[in-house]
Protein chains: 2
Amino acid sequence: MVALAKVFRAKGYEGTSLAELSEVTGLKKASLYHRFPKGKEAMATSVFNYIGDWVQANVFAALADENNTPEVRLKNGLNHIATFYDGGRESCIFRAFSMETGLHLFEKNISAGMNEWISVFTRIGVALGQGPESAKANAVQTLIDIQGSLIVSKGLNDTDVFEQTLHNIEHRYLNK
Amino acid sequence: MVALAKVFRAKGYEGTSLAELSEVTGLKKASLYHRFPKGKEAMATSVFNYIGDWVQANVFAALADENNTPEVRLKNGLNHIATFYDGGRESCIFRAFSMETGLHLFEKNISAGMNEWISVFTRIGVALGQGPESAKANAVQTLIDIQGSLIVSKGLNDTDVFEQTLHNIEHRYLNK
DNA sequence: GTCTATAGCTAGATAGAC
DNA sequence: GTCTATCTAGCTATAGAC
């Protein structure tokens, strides 16, 4: 599943072929269809859910872990984000599935997923003393920062842009 | 050319087919090949240049127009940006051409294009009294804001995110 | 559950008439 | 300069042996 995810994230829904998924998994196409009878769309859905589970179990769990102070939770969450995007080298599944064809298939998954990110970051903002409205606005800005910096990092072939953005996010939350 | 651009922006390089380009232009595939003997890649390159020219003639020209104060130039430039992205409904060509296949073909165009955006926005920051370093950082953040807000607007199907981001950019430059 | 083989289609691209 | 017709290669998907 991790191999499927890597291809879909890098190539996007439209740019991913079953031939390549067969290569990276070592399974022939017919075997992929045995595991995913509904074909490419089902493979993509599984990848989307797999990634969602990983983010939930790592990023969101760290941000919500009540054993730590909000400051530590934020730092841990951002570290998981850095790992997840390999320091800016990996693309986001939201982006990979949101050109027109993919968007039509996954629009509900994407909007639900983005709203989760916003919700979790709103909560950490509130935990850090922000009012609910500005916490929400900051959460939306955080999502924009992550998505935008991934695009710009790719376009400039410069992972510093992504790393710097994660620092900026942290500073904004901690009023540094 | 504007019809080609609309498809490439919406579907991405990989997701755009010659059949669809034929439909939207009213030209048969053979006629498209008469105009672009080097095929789909040449069509995409032309679209990229066409869009670059439009941005140069409108967004960048407005931002650099010495007949106006920096404040007015900024406002005019942002208005052209709003038009260009149809208030957040249209995608950016950088994004449309930067999944793995397209990125490999267009990486130089994309990084050059992004650097132009950064350069132009750095200059408007300097004109508004920012130091060169913070003007550069603000320009990078502006590009991130635009790219990120387009993704989030699409994902949430909410153009307010994009519109709000343009306001935020303006406020950051004008210290409101 | 994995394989070979292949169906049926669409992709990008070309030849040649007009 | 636009067209019809067609090519080859690739695509998603399926049938059926093992």
Side-chain angles (χ1 to χ4, degrees), chain A residues 1-51 53 91 93 95-110, chain B residues 1-51 91 93-110:
Chain A
M1 179 59 67
V2 58
L4 295 186
K6 196 163 170 101
V7 177
F8 272 114
R9 283 175 76 175
K11 305 274 176 107
Y13 183 75
E14 298 83 1
T16 295
S17 72
L18 294 190
E20 183 162 9
L21 296 179
S22 171
E23 266 183 39
V24 299
T25 56
L27 289 172
K28 298 295 175 185
K29 283 190 269 184
S31 301
L32 285 174
Y33 273 91
H34 176 76
R35 303 192 181 198
F36 302 96
K38 293 197 178 163
K40 183 179 177 179
E41 189 178 334
M43 298 176 206
T45 300
S46 280
V47 163
F48 198 98
N49 292 335
Y50 169 78
I51 288 178
D53 289 347
S91 292
I93 199 74
R95 174 183 172 228
F97 285 1
S98 66
M99 292 312 289
E100 207 170 280
T101 311
L103 182 61
H104 184 256
L105 293 171
F106 297 104
E107 54 189 348
K108 285 180 184 167
N109 306 275
I110 291 172
Chain B
M1 179 59 69
V2 58
L4 296 185
K6 196 164 170 101
V7 176
F8 273 114
R9 283 175 77 177
K11 304 275 177 106
Y13 184 74
E14 298 83 1
T16 295
S17 73
L18 295 190
E20 182 162 10
L21 296 178
S22 171
E23 267 182 39
V24 299
T25 58
L27 289 171
K28 298 294 175 185
K29 281 194 269 186
S31 301
L32 285 173
Y33 272 91
H34 176 77
R35 304 191 181 196
F36 302 96
K38 293 196 176 162
K40 182 178 177 180
E41 187 177 336
M43 297 176 207
T45 301
S46 280
V47 162
F48 197 98
N49 292 335
Y50 169 78
I51 287 178
S91 292
I93 199 74
F94 294 148
R95 174 183 172 228
F97 285 2
S98 66
M99 291 314 288
E100 209 169 277
T101 311
L103 182 62
H104 185 255
L105 294 170
F106 296 103
E107 55 189 347
K108 285 180 185 168
N109 307 275
I110 291 171

Any residue meeting ring pair (Phe, Tyr, Trp, His ring centres under 6.0 Å) with B:F106, in chain and number order, not counting sequence neighbours: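 So B:F106 forms a ring pair (Phe, Tyr, Trp, His ring centres under 6.0 Å) with B:Y13, B:F97.
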Do B:Y33 and B:L18 have side chains that approach each other closer than 4.5 Å (heavy atoms only, starting at C-beta)?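 Side chain of B:Y33 against side chain of B:L18, heavy atoms only: contact under 4.5 Å found.
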Partners meeting side-chain hydrogen bond (donor to acceptor under 3.5 Å, both in side chains) with A:T16 (sequence neighbours left out):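 A:T16: no side-chain hydrogen bond (donor to acceptor under 3.5 Å, both in side chains) contacts found.
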Could you give the angle between the helix axes at the two ends of the helix from C:dG1-D:dC18 to C:dC18-D:dG1, with five pairs per end, rounded to 10 degrees?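 Overall, the helix from C:dG1-D:dC18 to C:dC18-D:dG1 bends by 0° from one end axis to the other.
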How long is the gap from CZ on B:F94 to CZ on B:R9, to the nearest 0.5 Å?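 Atom-to-atom, B:F94:CZ and B:R9:CZ are 11.0 Å apart.
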Heavy atoms within less than 4.0 Å of DNA chain C: which residues of residues 33-51 of chain B have one? Give them sorted by number.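 DNA chain C contact set from residues 33-51 of chain B: B:Y33, B:G39, B:K40.
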Using a strict heavy-atom distance below 4.0 Å, which residues from residues 18-30 of chain B are in contact with DNA chain C?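 Output list: B:L18, B:A19, B:K29, B:A30.
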If I compare all heavy atoms of A:L27 with all of A:S22, which pair ends up nearest, and what's the gap?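 Closest heavy-atom pair between A:L27 and A:S22: O-OG, 2.6 Å.
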Closest contact, heavy atoms only, A:M99 versus A:E14: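 So the two residues come closest at O-OE2, 3.7 Å.
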Does any N or O in the side chain of A:S98 come within less than 3.5 Å of the main-chain N or O of A:R95, such that one atom is a donor and the other an acceptor?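 Pair found, side chain donor or acceptor close to backbone of A:R95.
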Just checking B:S31: base, sugar-phosphate only, or nothing, at a heavy-atom cut-off of under 4.0 Å?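 If one applies the 4.0 Å heavy-atom cut-off, B:S31 turns out to touch a base.
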For residues 29-47 of chain A, pull every pair meeting salt bridge (charged side-chain N to carboxylate O under 4.0 Å, His left out), keeping only residues two or more places apart or in separate chains.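 Non-adjacent pairs meeting salt bridge (charged side-chain N to carboxylate O under 4.0 Å, His left out): zero.
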Holding to salt bridge (Lys or Arg N to Asp or Glu O under 4.0 Å), I want the full list of residues that pass it with B:K28, two or more places apart in sequence or in another chain.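 Scan of B:K28 (salt bridge (Lys or Arg N to Asp or Glu O under 4.0 Å), adjacent residues dropped) gives none.
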Can you name the residues that form a salt bridge (Lys or Arg N to Asp or Glu O under 4.0 Å) with A:E100, not counting sequence neighbours?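 Applying salt bridge (Lys or Arg N to Asp or Glu O under 4.0 Å) to A:E100 gives B:K11.
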Hey, where on DNA chain C does chain B first and last touch, going 5' to 3'? Cut-off is any atom under 4.0 Å from a heavy atom.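 That gives a stretch of C:dA11 to C:dA15.
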